[in-house]
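If you read the sequence from its start, that first residue is 1, and numbering goes on from there. Counting starts at 1 for both ligands and their atoms, in listed order. Everything quoted here is computed from the prediction, not taken from an experiment.
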Amino acid sequence: MAAAPALPVVARVGLLYDDRMCAHATPDGEEHPENPERLRAIWRKLSAAGVASRCVLMKAKEAEDKYIASVHSQNHIKLIRSISSKEYDSRRNMIARKFNSIYFNKGSSESAFLAAGSVIEVAQKVAAGELSSAIALVRPPGHHAEHNEAMGFCLFNNVAVAAHYLLNERTDLGVKKILIVDWDVHHGNGTQKMFYNDPRVLFFSVHRFDYGSFYPAEGDASHCFIGEGAGKGYNINVPWEHGKCGDADYIAAWDHVLLPVAETFDPDIILVSAGFDAALGDPLGGCCITPNGYSMLLTKLLGFAQGRIVMALEGGYNLRSIANSVTACAKVLLGDKFTIGTPEMEPFESTWRIIQAVRNELKTCWPVLSSKLPENVSLRSRPSHTELYSCSGSESDVEDVEELPDAISSVNVIQVTDDVVSECFSKLNLDEDKIATKTASSNITAEQSPTDSTEPQNDGSVALSKGISALSLTWRSELSKVYVWYASFGSNMWTPRFLCYIQGGKAEGMNIPCFGSHDTSPPIGAMWKTVPHRLLFGRSSTPCWGTGGVAFLNPEINHNENSYVYMYKVTLEQFNDVLFQENRLVKANSGNRKTESPDSPLIGLSEIEFVSRNKAIHLAPIKNSWYSNVLYLGEEDNLPILTMTCPSSDVERFKSGELPLSPPSKTYSTTLIKGLVEGKHLDAAAAANYIDTAATRGL
Ligand code: Q9C
Ligand code: ZN
């Protein structure tokens with residue numbers, strides 16, 4: 001493939017660093033893992049790597065008391081405000097001892113107010129769209145801090161304060177739903193409690209639990225704590241049993257818990273409680289996420305909330321590891337393609353079991369988690385006793401991080417091409433293990449035709465057959481008798497992928513499973529055609545495919561253009577179900593185990609009339625969706641050929657740069673090429689050239 005053109009829309013990534021947050025330190029210079037060098041090490045690395053200069057640099061700002069008061073008691077605020085004052089000089093240590101794992105010095109107050117204020121500051125800019133995303137390098141950390149209590153190195157709960165600020169103080173910004181992802185190795189006990197009854201905040205924490213013995217060692221870190229009252233289902237804990245978890249385990253938790261729920265929840269912004277103490281080499285965590293692991297975890301989040309991600313530093317105590325991990329994350333936010341390691345990519349057996357337990361606990365709230373995970377996946381067995389005891393789970397022996405060999409942070413990391421990236425991604429997808437053989441996975445489906453498909457994998461999805469209201473029964477039975485050709489020009493050209501829209505589940509390369517259609521019967525015919533419309537690639541990321549553009553067909557006829565469409569003969573009912581799913585109108589209903597789709601069709605018989613006459617119909621009920629425009633592309637054996645794309649007004653916005661035109665990710669273009677090749681339409685080289693030409697030619 002030729003080099004992709006530079007993205008026309010450059011990500012504006014906020015980076016907040018402020019030396020004033022280094023003032024909080026142990027009173028007499030005693031060694032402590034949570035020390036000022038953490039921030040400095042990260043900042044030095046970001047600067048040296050040329051990453052800082054590509055960000056929008058920001059300075060800290062103290063939070064006002066009234067904002068902190070949304071999650072903390074007045075007493076607590078008062079204590080933290082005064083702890084640095086002269087009058088407290090003699091009492092500081094004594095007060096600190098009353099708390100669990102807390103120290104104070106005369107810089108603590110200012111640092112604490114700055115840390116909370118900084119997260120407010122960046123979150124507000126991201127929510128307002130002034131920044132695409134942001135990283136706040138703050139300390140002291142926040143997620144252990146409770147309403148009336150400092151603990152676990154945390155004074156104010158920075159992320160919780162910012163979440164409350166967005167929801168309650170800045171309704172003008174339109175943030176109604178917040179996803180908090182807490183990937184610090186410790187449970188975010190404070191944050192959990194602060195939003196336990198609140199359905200506006202989905203709190204997800206993945207942490208070492210070790211059967212209740214890992215800090216903070218409270219039972220409420222278990223997966224049974226799922227929220228209460230209106231907040232039931234909006235608290236998700238993934239509690240590891242031991243300290244050896246790494247990239248594969250975290251990716252599995254993402255793929256099989258976090259991402260399906262996030263897709264349904266559809267947050268307006270994501271706040272990451274970004275501790276890096278689950279990183280390889282961390283003296284407290286003992287886990288082994290690599291910088292590339294963090295890149296993958298973050299990339300998978302970028303598909304939600306229009307990429308509006310705010311990362312706030314929590315823990316992370318190996319200077320080299322945290323510097324490398326934050327740098328890897330910053331590069332993801334900046335839109336860099338990342339290099340990837342070749343770690344041993346199998347989750348532990350316990351990981352699989354824990355994830356299944358989490359899904360069970362939550363499946364009534366999130367039907368997308370209802371299905372059983374495949375069983376015969378390849379897994380690593382529990383780490384041996386020697387492995388467990390040699391790992392640094394003990395917190396007293398803080399290693400001299402500067403002495404750590406380079407290999408700690410760059411273990412197995414090699415420069416590779418995008419092929420390896422997507423191959424690695426697909427290896428991580430446990431569902432694929434079910435069908436994976438020693439041969440390249442692309443061979444597996446090579447022989448498929450629309451009618452003899454293997455079942456799409458049914459992870460986290462249920463075909464729409466359940467949960468149908470009486471209202472929709474009439475139109476469904478009517479439209480189930482009418483056939484149309486659905487003309488696909490994007491990933492749906494690959495039949496296994498299109499079948500996910502019919503039968504539910506996900507095919508290789510997809511981040512998110514589909515709900516499927518009410519009628520799961522496969523298409524009764526399929527054929528290729530070319531149409532005089534321009535193929536283009538737009539959007540900067542999608543939940544399903546991650547970073548990169550996806551295919552659109554310019555609705556204007558252009559006789560200089562020839563684009564391939566693969567047409568499936570489906571019922572008009574099924575076409576509507578595909579349209580619903582493409583426009584994200586199908587939701588998991590948290591009240592019961594069912595999925596819900598609209599009660600009326602978008603394209604009924606009269607709309608077919610209209611679109612045949614006018615060649616296009618812009619669907620008013622979904623006019624702000626990406627695929628709100630249904631085109632009529634002619635007829636085949638007396639049946640209309642329909643496709644769905646963006647309206648012409650969006651094409652103008654793509655041209656002006658208001659909407660991002662971006663080349664497809666490798667995973668996505670590979671899917672298109674597989675469609676063209678396995679559908680026996682083009683050879684691999686011609687297919688690649690076709691996609692590449694469409695992706696790199698200006699509009
Ligand atoms: N035996 C964060 O990572 N360890 N906090 C105490 C007592 C406290 C970690 C050990 C660990 C706190 C933000
Ligand atoms: Zn931590």
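Proximity of E34 to ligand 1 is not established, as no heavy-atom distance is less than 4.0 Å.
Residue D184 approaches the Zn ion (ligand 2) most closely through its N/O/S atom OD1. H186 has its closest N, O or S atom to the Zn ion (ligand 2) at the position named ND1.
Counting heavy atoms closer than 4.0 Å to ligand 1, residue V185 contributes nothing at all. Under 4.0 angstrom from ligand 1, the non-hydrogen atoms of Y317 all belong to its side chain. Only the side chain of H144 comes within 4.0 Å of ligand 1, judged by heavy-atom distances.
For the pair D220/H187, a side-chain contact is recorded, criterion being any heavy-atom separation below 4.5 Å from C-beta on.
Distance alone, capped at 3.5 Å, places no donor-acceptor pair between the R308 side chain and the D268 backbone. Judged purely by atom type and a 3.5 angstrom limit, K177 uses its side chain to pair as donor or acceptor with the backbone of D266.
Close approach of ligand 1 to D184 is summarised as follows: ligand atoms under 4.0 Å from at least one heavy atom of the residue are 3 (O). For ligand 1, the atoms lying closer than 4.0 Å to a non-hydrogen atom of G152 are 2 (C), 5 (N), 9 (C), 12 (C), 13 (C). Residue-ligand proximity, P141 to ligand 1, at heavy-atom distances under 4.0 Å covers atoms 13 (C). Counting atoms of ligand 1 from 1 in the listed order, those under 4.0 Å from a heavy atom of S101 are 4 (N), 6 (C), 8 (C).
R12 has no carboxylate O lying under 4.0 Å from a charged side-chain N of E130, or vice versa, which leaves the two without a salt bridge. A salt bridge links R81 to D65: at least one charged side-chain nitrogen sits closer than 4.0 Å to a carboxylate oxygen. With respect to the salt-bridge test (charged N to carboxylate O, under 4.0 angstrom), the residues K300 and D255 qualify. For the pair K61 and D18, the salt-bridge criterion is not met [side-chain N within less than 4.0 Å of a carboxylate O].
Among the atoms of D277, some N or O lies under 3.5 angstrom from an N or O of ligand 1. Between H186 and ligand 1, at least one pair of N/O atoms sits closer than 3.5 Å.
Remark: aromatic rings of H223 and F209 are distant, center separation not under 6.0 Å.
Evaluated for a ring pair (Phe, Tyr, Trp, His ring centres under 6.0 Å) with Y250, the options W183, F204, W240, Y294 yield exactly one hit, W240.
For residue D277, an N/O/S atom approaches the Zn ion (ligand 2) to within less than 2.8 Å. The Zn ion (ligand 2) has no N, O or S atom of H143 under 2.8 Å away, backbone or side chain.
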